[in-house]
Amino acid sequence: MTPQTLTDRELNRALLARQGLLERLDLPLPQAVEAIGAVQAQYGPALPVALWTRVRGVDADSVRTALEQRTLVVGTLLRRTLHLVTPAEHAAYAAVVVAAGDDTWRRTRGESDAAADRFREGLTEFAGSVARSPEEVTDWIEKWVAAHPQAIDAGELEFQRTYKWRPFRSTVAVTRSPAGGVWDEAVPEGVLAAPAPAGGPPAPEAALHDVVHRHLRAFGPAGAADIAQWTGMKVTPVKALLKSLEGRLAVFKDESGQLLYDLPDAPRPPAAEPAPVRLLPWFDSTLLAYAPKRRARILPPEHRDAVYAKANLQLKPTFLVDGTVAGVWSLDRKRREAVLTLTPLEELSRAVTAELVAEAERLLPVCVPDGPARVVVAG
């Protein structure tokens, strides 16, 4: 049978439904994070915004509490970028990162001794049950290097020391955690050993299968190029896996004729389904879950340059009107006041503007728990 063609608007409604952007998810926070997929976490203040806009009952303390209780963890995962996931799902994401070749801590081509292969194992033991600060890790590393003088190439040593061993601390073997145990707004530099699955690390094939399933659950329908973009994998193995699963997946096409895959029972609301206004954070996952040229379901092409700041690789916070990006917003924290500014990228009606202001006012206590704050509409 010829696959059904889905319009960008139909794909949009499918995405919004899964992300809690049509109706907020009524789930415990860990289950909600699994439902919406690994959450971009390189900018700490984005996390409460990302979850507040998708999940009922989230407030300024929800994410911090979950991180302190380790029901959620932050680690370097997909595309060597920090992500928020549950401990149960960390291992499969980590295995895919390793399979993609994105987990090496070495940054030079110098030859290292076989002992260097055991280097990272030593770190996970050192940070196995107690979060370690960057200074503690560096001290441990230098003692290890002194005890194994031939293990690491001189050029690699120089590079790592220049960057205070940050590349070595940015692997899937560890997650981020404050050395004192108390989280604040920023993602901490301290590390704690990553959650260890009971049966050991999953096989690469099984891990890729799980992560592909998670991408479709959170962002489908999607194509091989979309999943490869999100995971950091090459397109070929993703395409082969999807092809092998065609009998168990729903298959569609987009308006350009690209094949899309989906979980058969996943929500795909009609295009006419109303979509409320929503505010998305910095680096929102919905804007990064697809190949760059295939994001029209959420980001109109004419707004792309206003959202992506190429000079510093920033992805600005945005707001949705009728399901797609219609503007950007910013938060300016001053000594006595915080100002959230909404900047439309297209003409908005008075009614829509009023909805946006009301939603922004509800968001402000999450961004600024204490102190006066106000919303401004610019442009």
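Positions are given from 1 along the sequence.
- Within 6.0 Å of NE2 in His213 there are 12 or fewer heavy atoms belonging to other residues, nucleotides or ligands.
- Smallest separation of non-hydrogen atoms from Glu10 and Leu6: OE1-CA, 3.3 Å.
- No side-chain heavy atom of Val39 sits less than 4.5 Å from a side-chain heavy atom of His83.
- The cationic group of Arg132 lies under 6.0 Å from the six-membered ring centre of Phe126 and within 45° of the ring axis, placing it in a cation-pi geometry.
- Side chain of Thr162 to backbone of Gln160: no donor-acceptor contact under 3.5 angstrom is found.
- Side-chain atoms of Glu142 and Trp165 form a donor-acceptor pair, as typed in the model, at a separation below 3.5 Å.
- With hydrogens and angles ignored, the 3.5 Å screen pairs no side-chain donor or acceptor of Arg13 with any backbone N or O of Pro270.
- Shortest non-hydrogen contact noted between Ala207 and Ala92 is CB-O, 3.6 Å.
- Side-chain atoms of Ser330 and Thr343, non-hydrogen and from C-beta on, never get closer than 4.5 Å to each other.
- If you take CD on Gln42 and CG on Leu315, they are separated by 8.5 Å, rounding to the nearest 0.5 Å.
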Practice item. Apply side-chain contact (heavy atoms from CB on, under 4.5 Å) to the pair Gln40 and Asp284, showing each step before the final yes or no. Key: CA-CA 7 Å; Gln40 296 272 139; Asp284 193 76; over 6 Å; no
Review point. For Glu246 and Tyr261, what are the C-alpha separation, side-chain angles and deciding distance, and is it a side-chain hydrogen bond (donor to acceptor under 3.5 Å, both in side chains)?
Key: CA-CA 8 Å; Glu246 280 188 356; Tyr261 298 85; 3.0 Å; yes
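- No donor-acceptor pair closer than 3.5 Å links the side chain of Asp8 to the backbone N or O of Ala296.
- Proximity of a side-chain donor or acceptor of Glu158 to a complementary backbone N or O of Gly155 within less than 3.5 Å is not detected.
- A distance-only check finds no donor-acceptor pair linking the side chain of His215 to the backbone of Asp210 [under 3.5 Å].
- In this structure the side chain of Ile36 never reaches within 4.5 angstrom of the side chain of Arg18, judged on heavy atoms.
- A cation-pi contact, defined as under 6.0 Å to the ring centre and within 45° of the axis, links Arg24 to Trp52.
- Side chains of Leu192 and Arg70 form a contact here, defined as non-hydrogen atoms less than 4.5 Å apart.
- A single hydrophobic cluster is not seen to contain both Leu260 and Tyr290; linkage of ILVMFWY side chains at heavy-atom distances under 4.5 Å, directly or through other members, places them apart.
- Salt-bridge check for Glu34 with Arg214: failed, with every basic side-chain N at 4.0 Å or more from each acidic carboxylate O.
- For the pair Leu348 and Ala326, the tightest heavy-atom approach, listed with the atom from each and the gap, is CD2-CB, 4.4 Å.
- Looking only at atom types and distance, the side chain of Gln69 has no donor-acceptor partner in the side chain of Arg64 under 3.5 Å away.
- Arg166 CZ to Thr76 OG1: the interatomic distance, rounded to the nearest 0.5 Å, is 9.5 Å.
- Here the CG-OG1 distance, from Leu345 to Thr324, works out to 10.5 Å after rounding to the nearest 0.5 Å.
- Each of Leu11 and Leu15 belongs to its own hydrophobic cluster when Ile, Leu, Val, Met, Phe, Trp and Tyr are linked at side-chain heavy-atom distances under 4.5 angstrom.
- Listed here is the closest heavy atom pair of Pro237 and Met233: CG-CE, 4.1 Å.
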Check your understanding: Could you go step by step and tell me if Leu280 and Leu21 meet the side-chain contact (heavy atoms from CB on, under 4.5 Å) rule?
Key -> CA-CA 10 Å; Leu280 304 180; Leu21 296 172; 4.0 Å; yes
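- Val366 is connected to Leu364 through a chain of hydrophobic side-chain contacts under 4.5 Å among Ile, Leu, Val, Met, Phe, Trp and Tyr, so both are in one cluster.
- Using a cut-off of 4.0 Å between Lys/Arg side-chain N and Asp/Glu carboxylate O, Arg9 and Asp322 are scored as salt-bridged.
- Looking at heavy atoms from C-beta onward, Leu320 lies out of side-chain contact with Val277 at the 4.5 angstrom threshold.
- Considering CG of Leu82 and CZ of Phe283, their distance stands at 11.0 Å, rounded to 0.5 Å.
- Ion pair Glu359/Arg362 flagged as a salt bridge, since at least one NZ, NE, NH1 or NH2 atom sits closer than 4.0 Å to an Asp/Glu carboxylate oxygen.
- In this structure, Trp140 and Phe119 have parallel ring planes: the angle between them is below the 30° cut-off, well short of the 60° mark.
- Taking each heavy atom of Val145 and Arg161 in turn, the nearest pair found is CG1-NH2, 4.0 Å.
- Side-chain contact between Trp329 and Leu340 is present, with at least one heavy-atom pair separated by less than 4.5 Å.
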Practice item. Could you please spell out the steps behind the side-chain contact (heavy atoms from CB on, under 4.5 Å) verdict for Asp254 and Leu259? Key: CA-CA 7 Å; Asp254 64 16; Leu259 276 180; over 6 Å; no
Practice item. Determine, stepwise, if the pair Leu29 / Ser62 fulfils side-chain contact (heavy atoms from CB on, under 4.5 Å). Key: CA-CA 8 Å; Leu29 201 51; Ser62 299; 4.1 Å; yes
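- Between Phe219 and Trp230, the ring planes are perpendicular. Angles over 60° get that label, and only those under 30° would be called parallel.
- Without hydrogens or angle criteria, Asn12 side chain to Gly323 main chain gives a donor-acceptor distance under 3.5 Å.
- Judged by a 6.0 Å distance limit and a 45° cone about the ring axis, Arg268 is not positioned over the six-membered ring of Phe252.
- Considering every non-hydrogen atom in both Pro221 and Ala14, the closest pair reads CD-CB, 3.8 Å.
- The local environment of CD in Glu302 is crowded, with over 12 non-hydrogen atoms from other residues, nucleotides or ligands closer than 6.0 Å.
- Looking at Arg56 and Glu23, a side-chain N of the basic residue comes within less than 4.0 Å of a carboxylate O on the acidic one, giving a salt bridge.
- When the side chains of ILVMFWY residues are joined at heavy-atom separations under 4.5 Å, either directly or via intervening members, Val238 and Val251 end up in a single hydrophobic cluster.
- Atom CG of residue Leu263 and atom CZ of residue Arg217 lie 8.5 Å apart, to the nearest 0.5 angstrom.
- Counting only distance, with no hydrogens or angles, the side chain of Thr71 and the backbone of Ala66 share a donor-acceptor pair below 3.5 Å.
- In this structure, Val352 is a member of the same hydrophobic cluster as Ile298, with clusters built from ILVMFWY side-chain heavy atoms closer than 4.5 Å.
- Residue Leu287 holds its CG atom at 6.0 Å from CG of Leu299, rounded to the nearest 0.5 Å.
- Salt bridge status for Glu185 with Arg333: present, with a side-chain N to carboxylate O gap under 4.0 Å.
- Between Phe159 and Tyr163, the angle of the ring planes lies from 30° to 60°, which puts this pair in the tilted group.
- Taking the side chain as every heavy atom from C-beta outward, Ile227 and Leu241 never approach each other to under 4.5 Å.
- A side chain to side chain contact (heavy atoms under 4.5 Å, CB included) with Phe319 is found for one member of Thr53, Leu342, Val325 and no other, namely Leu342.
- Annotation: side chain of Arg169 is in contact with side chain of Glu189 (closest heavy-atom distance under 4.5 Å).
- For the pair Arg54 (side chain) and Ala50 (backbone), a donor-acceptor distance under 3.5 Å is present.
- Judged by distance alone, with hydrogens and angles left aside, the side-chain atoms of Glu68 form a donor-acceptor pair with the main-chain N or O of Trp183 at under 3.5 Å.
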